[in-house]
Amino acid sequence: MTDTLLATDVSALDAADPLAAFRDRFHLREGLIYLDGNSLGALPKATGDRLTEVIGSEWGEGLITSWLGAEWSTAPRRIGDKIGRLIGANPGEIVATDSTSVNIFKALTAALSLRRERTLILSEATNFPTDVYMMQGIEAFSGGRVKAVTVAPDAIVDALTEDVAVLLLTQVHYKSGRVRDMAAITQAAHEVGALVVWDLSHSAGAIPVDLNGANADFAIGCGYKFLNGGPGAPAYLFAAARHHAATPVLSGWFGHARPFEFEEDYDPAAGIERFQCGTPPVLGLSALEVGVDLMLEADMAEIRRKSLALGDLFIELMRPLCDTYGFELVSAQGHAERGSQVGYAHRQGYQIVQALKEFDVIADFRAPDILRFGLTPLYLRYRDIVETVERLEKVCATRAWDKPQYHLRAAVT
Ligand SMILES: *Cc1c(COP(=O)(O)O)cnc(C)c1O
């Protein structure tokens, strides 16, 4: 394929892209190619105005009356219902609240409360670290009654025994982008009487998810990645309606049936509200809601189709660089198994990601050697993919990565 041919093909793809108009709804600096929206989504243009309104009018003028007057108190449930429309949950099955890590704790302990006779929490060894750390914390807190067990990624189904209370899995792997079959694994777990907590951090807003179609028990995920909710945005927790009798271990007053009765004893709310803990973070929720509303305007099937097309183009254009410079594709080529990111292993991965920033491309690095390129169809164009590979080729050809400052690992990668 010649450069001109490619340029023509790509501009035709951009011109015909049904999602193209969404790019203008985001603040993106001219010239920058942002391939890290799977780690921190871009800023929707509407977020600033919404926050100004919440701060100036709702907080500044309305003060405490805004808990009811501006519907702050019901925001976790309202935004949860909106997220539910993106991931196949019914109204009343999701709250937007707390961080993903805290929600992992809440979902795991809720599942344990429904399987009191069982002792194991199972996951894969290469899961996102916080998921496994939270399991280990529960083991420590239980005094050893509950055990956190991790196995190799391909050994999960075989490790499902009748001792397993709950399986914690991330649907789209944070490094490789590999997609798990949610319905099949949930079914395998249910066959031995285990429950499943799905981590959707790299799924919601990235691929079509159908929680109730997969008969899912619990799920949690991030608000600041593909949902574009802003740095440290509140996360969300899904509990299928049939599990709303689970006992919340983080039994804070916002999960109480009647928080403003100030009763002496804890009595959890009947529905999903019992999975709230403390006072909702209103500013964070307000920014999250803008991101979720924007995502709801787009057709998820189109998002998926474009994400796969961007990934296919990227993989195709990277082939010569793999041969010449030793990149090794770690994401699946098959569509069913690939999320909305493409990863490559390279020995100088960290340095290359740093050097790419000089060329105005932001990707990220995940230890020990993975370069991760997040594909966000709402604000990426096909020509950004062509440009990225051209700039990457420059970094390699000029050895721009081989500078002393890039050999020191920064605290946040
Ligand atoms: C990003 C991510 C998290 C982040 O958890 P926080 O509590 O928001 O820091 C957790 N799990 C997975 C799989 C992730 O990708």
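Throughout, numbering of the chain's residues begins at 1 and tracks the sequence.
Classification of the Trp67-Phe254 ring pair by plane angle, with boundaries at 30° and 60°, yields tilted. Using cut-offs of 30° and 60° for the angle between ring planes, the Phe314 and Tyr344 rings count as tilted.
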CA sep, side-chain torsions, deciding dist, call: Lys106, Leu237, side chain to side chain contact (heavy atoms under 4.5 Å, CB included): CA-CA 9 Å; Lys106 287 154 55 180; Leu237 181 151; 3.9 Å; yes

CA sep, side-chain torsions, deciding dist, call: Arg381, Asp384, salt bridge (charged side-chain N to carboxylate O under 4.0 Å, His left out): CA-CA 5 Å; Arg381 297 164 299 196; Asp384 294 324; 3.0 Å; yes

Step-by-step salt bridge (charged side-chain N to carboxylate O under 4.0 Å, His left out) determination, Arg78 to Glu289: CA-CA 9 Å; Arg78 176 179 74 248; Glu289 189 164 22; 2.9 Å; yes

Derivation and outcome, salt bridge (charged side-chain N to carboxylate O under 4.0 Å, His left out), residues Asp312 and Arg338: CA-CA 10 Å; Asp312 288 345; Arg338 192 171 81 221; 2.9 Å; yes

Worked check of side chain to side chain contact (heavy atoms under 4.5 Å, CB included) between Trp72 and Glu58: CA-CA 9 Å; Trp72 287 352; Glu58 297 183 6; 2.8 Å; yes

Verdict with supporting geometry, Arg391 and Asp360, salt bridge (charged side-chain N to carboxylate O under 4.0 Å, His left out): CA-CA 9 Å; Arg391 295 183 199 181; Asp360 229 0; 5.1 Å; no

Asn228/Leu294 under side chain to side chain contact (heavy atoms under 4.5 Å, CB included): CA gap, chis, key distance, verdict: CA-CA 9 Å; Asn228 305 308; Leu294 186 46; 5.6 Å; no

Side chain to side chain contact (heavy atoms under 4.5 Å, CB included) assessment of Arg366 paired with Ser39: CA-CA 11 Å; Arg366 288 292 173 264; Ser39 207; 3.5 Å; yes

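Using a 4.5 Å heavy-atom cutoff, the side chains of Thr109 and Ile138 are in contact. Ile121 has its side chain within reach of Val146: a pair of non-hydrogen atoms, C-beta onward, lies under 4.5 Å apart. Residues Phe373 and Leu356 form a side-chain contact, since some pair of their non-hydrogen atoms from C-beta on lies under 4.5 Å apart. Leu375 places a side-chain heavy atom less than 4.5 Å from the side chain of Ile385.
Residue-environment remark: CZ (Arg85) stays at or below the threshold of 12 foreign heavy atoms within 6.0 Å. Annotation for Arg347: atom CZ does not count as buried by contact number, only 12 or fewer foreign heavy atoms lying within 6.0 Å. Enclosure of atom CG in Asp24 is not indicated, since only 12 or fewer non-hydrogen atoms of other residues, nucleotides or ligands lie within 6.0 angstrom. By the neighbour-count criterion of 12 heavy atoms within 6.0 Å, atom NE2 of His27 is sparsely surrounded, having that number or fewer from other residues, nucleotides or ligands. Glu328 CD: 12 or fewer foreign heavy atoms inside a 6.0 Å radius. Residue Tyr133 places its OH atom among 12 or fewer non-hydrogen atoms of other residues, nucleotides or ligands, all under 6.0 Å distant.
Remark: Lys225 is positioned above the aromatic ring of Phe128, its terminal NZ or CZ atom under 6.0 angstrom from the ring centre and at most 45 degrees off the axis.
Side chains of Trp198 and Thr170: a donor-acceptor N/O pair is absent below 3.5 angstrom, by distance only.
Residues Pro259 and Trp253 come closest through the heavy atom pair CB-O, 3.3 Å. The two residues Ser101 and Thr130 make their nearest non-hydrogen contact at OG-OG1, 2.8 Å. Between Pro44 and Gly291, the shortest heavy-atom contact is CG-CA, 4.3 Å. Nearest heavy atom pair, residue Gly339 against residue Val172, reads CA-CG1, 3.9 Å. Minimum interatomic distance between Ser203 and Val209 (heavy atoms only, all atoms of both residues): CB-CG2, 3.8 Å. Closest approach of Ala188 and Val157 over heavy atoms only: CB-CG1, 4.3 Å.
Once rounded to the nearest 0.5 Å, the distance linking CE of Met134 with CG of Asn103 reads 9.5 Å. With values rounded to the nearest 0.5 angstrom, Ser340 atom OG is found 8.5 Å from Ile303 atom CD1. A distance of 9.0 Å separates CD1 in Ile207 from CE in Met300, rounded to the nearest 0.5 Å.
Aromatic ring centres of Phe260 and Phe262 lie closer together than 6.0 Å. Taking the six-membered ring where the residue is Trp, the centroids of His346 and Phe327 are separated by under 6.0 Å.
Put simply, the side chain of Glu337 never gets that close to the backbone of Arg178: no donor and acceptor are under 3.5 Å apart.
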